[in-house]
There are 4 protein chains.
Amino acid sequence: MIGGGQGAFIGAIHRIAASLDGLYELTAGAFSSDAEKSRATGVLLGLPPDRVYASYQDLIEQEKQRPEAERVQVISIVTPNHLHFQPAKLALENGFHVILDKPMTFSLAEAKELQQIAAASGKKLCLTHTYTGYPMVKEARQLIASGALGTIRKVYVEYPQGWLSSFEEGSDNKQAAWRTDPTRSGIAGAMGDIGTHAFNLLEYVSGLQVVKLCADINVVVAGRQLDDDGAVLLKLSNGASAVLTASQIAAGEENNVRVRAYGEKGGVEWQQVDANTLQVKWLDKPTEIWRAGTGYVSSYAQHNTRTPAGHPEGYLEAFANLYRNFALTLQAELAGEPASPEALDYPSLTEGVRGMAFIENVIASGKSDKKWTDFIV
Amino acid sequence: MIGGGQGAFIGAIHRIAASLDGLYELTAGAFSSDAEKSRATGVLLGLPPDRVYASYQDLIEQEKQRPEAERVQVISIVTPNHLHFQPAKLALENGFHVILDKPMTFSLAEAKELQQIAAASGKKLCLTHTYTGYPMVKEARQLIASGALGTIRKVYVEYPQGWLSSFEEGSDNKQAAWRTDPTRSGIAGAMGDIGTHAFNLLEYVSGLQVVKLCADINVVVAGRQLDDDGAVLLKLSNGASAVLTASQIAAGEENNVRVRAYGEKGGVEWQQVDANTLQVKWLDKPTEIWRAGTGYVSSYAQHNTRTPAGHPEGYLEAFANLYRNFALTLQAELAGEPASPEALDYPSLTEGVRGMAFIENVIASGKSDKKWTDFIV
Amino acid sequence: MIGGGQGAFIGAIHRIAASLDGLYELTAGAFSSDAEKSRATGVLLGLPPDRVYASYQDLIEQEKQRPEAERVQVISIVTPNHLHFQPAKLALENGFHVILDKPMTFSLAEAKELQQIAAASGKKLCLTHTYTGYPMVKEARQLIASGALGTIRKVYVEYPQGWLSSFEEGSDNKQAAWRTDPTRSGIAGAMGDIGTHAFNLLEYVSGLQVVKLCADINVVVAGRQLDDDGAVLLKLSNGASAVLTASQIAAGEENNVRVRAYGEKGGVEWQQVDANTLQVKWLDKPTEIWRAGTGYVSSYAQHNTRTPAGHPEGYLEAFANLYRNFALTLQAELAGEPASPEALDYPSLTEGVRGMAFIENVIASGKSDKKWTDFIV
Amino acid sequence: MIGGGQGAFIGAIHRIAASLDGLYELTAGAFSSDAEKSRATGVLLGLPPDRVYASYQDLIEQEKQRPEAERVQVISIVTPNHLHFQPAKLALENGFHVILDKPMTFSLAEAKELQQIAAASGKKLCLTHTYTGYPMVKEARQLIASGALGTIRKVYVEYPQGWLSSFEEGSDNKQAAWRTDPTRSGIAGAMGDIGTHAFNLLEYVSGLQVVKLCADINVVVAGRQLDDDGAVLLKLSNGASAVLTASQIAAGEENNVRVRAYGEKGGVEWQQVDANTLQVKWLDKPTEIWRAGTGYVSSYAQHNTRTPAGHPEGYLEAFANLYRNFALTLQAELAGEPASPEALDYPSLTEGVRGMAFIENVIASGKSDKKWTDFIV
């Protein structure tokens, strides 16, 4: 693992997600750019001192020199955005598979370069867009793909949070500090942090791509350097329209990402606060409450659930699904067998490049006087 | 009553709303432009034949000639949009108060003219924007007005319906037929029918006015003449931004209008499907479930509720609140006393003119290549 | 109307319920045992002074002497429990139909006597068990009656309130005072006031009858004279078991009566807080959300709904359904035609007698050391 | 681990719960009484062959002979009920800590004996009553313990499931087979399997003990040998009353255990389907939605949550909380330090003995003609 030292939120999440199904073992880490902090985290995590490194370069170089059976196989990179590209590049080029936190890179150019590096390396990359790891999000995608709702005509996706309602970056809130800092987060704040999740959810569930957009991007809190709120009108590849909203100043909201998609015959609705449920709505018959862990859901939903219906799984399990599917894909490769379609269903380079394109397009649209702008990758 | 013959939806609603509190008695009507149909409806409603008229002109002229104590005092106009202005004008000019279904008129020009006519007549007009008649919508407005949430920064209002997902106007669906017909509905379909409700809710709850907008207006169903879907980015008078969506092709949705507004310290959320509840959210403490009929809500919510907490009131009671408040205002006038602020809180000419301005501005924006356009009244 | 003077809760509810559909006109009243108060209420309600009586005896005697076309046709009795029997008896014996608030009488003996009096009189009686007036409660009954769920095996009904958590009868709470007073309420407090509603709902929805019971009846608040809490184990006529709970000391609860019934193949759940929804659950497929106002519900649900799906109706409309169905039944009788099954579906004498039997059986069981006691009517 | 071979439900859950926080490593197992099956499971789990045993006796004896640093420290026993006592006894007597699935033993006598054995051994035991591992269940307990709700007066706990609505034990449903078999499950079916959870939740949340009970215990499905449904009236140690229901024939229900407790000033409600929420209700102010992961909840809720508010945790995390708190307690012991009160808050021997007493008392009451029977331990 690269990054994820003490005080980091997402590093701990990655470690739980990795361990949950017993498919990964944490064996080495460069947990901080501060060698001493990295060492201290290694001690806490019970790693042998010689597998705790002072830098990601050290980790990659020294692990590479270990015998193949002893070295790490997959490197998780859980650093802030500006520290995604270089470690990922180095890892791939040195023969390691990579799990990378979203958004994929600092800029679209980096993302496209990383895509090429990965292709050349023959190694695989998993991008942790958590929300598409939920079984009932997968069910929504499968139901739409099956044609049961007819052609999709409208998609709404929203991601409201309230935790940046005040000038948190002025206090010692480490999470707020880097996310609102253009030198670490990139050109976008809320649009990069949560807008990319909403965008990924929109394209994943609908099976469609954004082709045009028109954005209202706002910096609401005085003194803030990056956007903390936005709303986007979108046109999709089949001509349907969509609306995406993401806000970090919706005071009193936690993290209730929600998606709704409507076709000719019905619609689907999923929201994280009730993550094990997919509402399936019909023009002329009762709304149905589809539930994770039941026998009637698709192989994709079943594959990504560990417990019978009524035993709620949540965010950590959704995260773990990404790790698990990536591991199953790698195991299949090692075994010289094809991975199952369910295992292969994890976010990767294409999603990463499109996510970075979203960031650049949406920020540009926000500044433009033109109404509709093309979504350019 | 003018309009509201057999088969009409909203006429029956108006009659229930009027009778619910015992403050109105239906004594005369011109229920249809077809004299025979009007007569038949009058029979069904138990009216004396001499109070059932063949036309609205007849009704107004003949009622005016009755002694003051016997004539109708208030005329409800529940016809399609193209038949709002003339009867309302005639009624006001002949000394009758008017209750008018929304949107106020066929065009903004008519609305502004009606506003002047009303002012000159000294008679009052109530516009039936039902949703702002709900007690917990009033509570949301009062809470925001009190400053408890701080400055409002973001408002979302949505109005999803699915009943026009197919080409209903091709069948004998009378409701669909006139609403999708530009000669009867005006330049807007969904934006006029439900978008105006959403707009009214947005301005009423927030206490702010729309000053700019950017609209994506769609005709989704093949063959349809007017918009059946739209999304609008908005700027409000205090600089806040908002998003309004209205759709009649959200297959599987009923009529779940919803509004959320966020200030510096917290937010409110109301949706019609749970109409007796207002969610009040705070930055640093638990969300509160405020309920109609309780002792802790404002005088406005209490005034507009008939039952103790836990006895759900709904759409008809919200509608009846408009009728009741209008009656209380007229009674106060008759008594030479000031009406209470709670009674005066019903939608009227200003709301009607702004609603028509919304229709014209939003349709124009939908056709424009320009991103932001000023909201012009 | 007999009873329902100023300050009474249920009198105002009855008046709204009666007026809502325009099928009743309030023409006379004896609103209080205090002649002056009765007169004052009559003035407020706009009744002519000669139709406002000083006592129920006066009302019945004097109305009877009016010409048939001018006299009242139906008498609503909305007094406390101890004043149900005598006015109802007198009204029936003098040729008036009766609408009576629940529970039907002060004792089971009175109820059985009233049943005989009504039979002899040829007049009809409607007992206002509000909750079985809700369209989706009717839908639950119809669905079970259709056999779609298979044999019913278990029923839960609960009625939690919190408003008597303190010694309210010690303050000037008029509602609390008579409900906790054995001389006015009868032998039961909560069991009579809300337990009878729960019991009626249980038998109505399941289509089964209680045959045995075992009750835990409690007086929780110090100083109170009647029960304010209870739970009852029940055996039903088909051998199924049930649980009924009713409490007025569930602090923080409003009035959320709820019923669940399970058969071999599935179950239903209805609760007043979401009154327009019936959850229909199945062993092997998704739970369905059946909604009032839709095209797929039964004729009973449709008949008892005034608005399309998504326009919530509530407690007043449920109450009005009782009044409306009673009126339709009486109108059919007047017309010499059979009333429709939907119109005939209102609570009457049988439900009233069984409700009084519930009160006497449940209080007796609460005092008994014996576990199961037969339900004796 | 003892038990938990392929096809077992709860074994896999225990393994995930153990691994989730990185505090346990699975190093040995006797996964089945069939040596070959045990071996096969060991292979699947990647254990070295010499740590996979043919019987629990072998596991305990041979592990004991390993050097202390290499042997297992804690033995998880996840077998059916009839195979709890002997392995637990042997493990404790040989110096191993034990994690044991509920109910603790096959009979109350065994439970009391095991309690004495454990006391004598100086080793610790954790009983996996999952539901009291949820952070918001802990919050409910803490809130009641704080006195904020006043004296508790009424508790409702319900546990509805539908999965045994048919004669599942007649098919090859392994889970159904042993749970409905008196030789493996004990004298109770539903009351042992889920009734004990409900009982534990009731006593844990309220902080009170059951002192009397009156049970209606049913075998609903033809041919079944053990109860599949029941309802119990209870009296608690402070004089309050309670109702407990548990059913496995509530067709269409999943696993939605729910508890509500009411005091003089307010109440709490928690249900597993919305596990991260605690509803806190008050007599005179709005209901509050307390959420896991927030800053305002108690140290107990915070200690048992891994993610910020809005990132749902579920059943596996609740289960993992038991494992984690047990590990923290053992680590503190190893370190010679007192464990924190939050770590010590896991179910153990007292809860196990009371759970077995519940089974014996409730089944006896179900067969008794006497109404109230004392709860005897």
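Quick caveat, the model's predicted, so the values are computed rather than measured. Quick note on labels: first sequence line is chain A, next is B, and so on, each numbered from 1. These values consider heavy atoms only, across backbone and side chains, with no hydrogens, waters or symmetry-generated copies.
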Do the side chain of B:Lys371 and the main chain of A:Ser365 share a donor and acceptor less than 3.5 angstrom apart? yes
Which atoms of B:Ala215 approach chain A - backbone, side chain, both or neither, heavy atom under 4.5 Å: backbone
For B:Gln279, is it the side chain, the backbone, both, or neither that has a heavy atom closer than 4.5 Å to a heavy atom of chain A? neither
CD on B:Glu253 to CZ on A:Arg260, rounded to 0.5 Å: 6.5 Å
Can B:Tyr156 and A:Glu158 be counted as having a side-chain donor-acceptor contact under 3.5 angstrom? no
Looking at residues at least two apart in the chain, or sitting in another chain, which of them share a ring-ring contact (aromatic ring centres under 6.0 Å, His included) with A:Phe9? D:His311
Could I get the full list of ring-ring contact (aromatic ring centres under 6.0 Å, His included) partners for B:Phe358, not counting sequence neighbours? B:Phe199
Under 4.5 Å from any heavy atom of chain A, what part of B:Trp372 do you find: side chain, backbone, both or neither? side chain
Given A:Thr245, which partner from the list B:Thr245, B:Leu233, B:Val243 fulfils the side-chain contact (heavy atoms from CB on, under 4.5 Å) test? B:Val243
Heavy-atom pairs under 4.5 Å with chain A - which of B:Gly162, B:Ala251, B:Gly252 has more of them than the others? B:Ala251
Top contributor to chain B interface from A:Ser241, A:Ala261, A:Gly150, A:Pro160 [non-hydrogen pairs under 4.5 Å]: A:Ser241
Check each atom of B:Lys235 against the heavy atoms of chain A and say whether the ones under 4.5 Å are side chain, backbone, both or neither. side chain
If the test is side-chain contact (heavy atoms from CB on, under 4.5 Å), which one of B:Asn218, B:Val220, B:Asp228 qualifies with A:Arg153? B:Val220
Write down the atom of A:Leu283, the atom of B:Ser166, and the distance for their closest heavy-atom approach. CD1-OG, 4.0 Å
Starting at CG of A:Asp284, measure out to OG of B:Ser165 and round the result to the nearest 0.5 Å. 9.0 Å
State whether A:Lys154 and B:Asp229 are salt-bridged, where the test is any N-O pair (Lys NZ or Arg NE/NH1/NH2 against Asp/Glu carboxylate O) under 4.0 Å. yes
Counting heavy-atom pairs under 4.5 angstrom with chain A, the leader among B:Ala240, B:Ser247, B:Ala231, B:Gly239 is B:Ala231
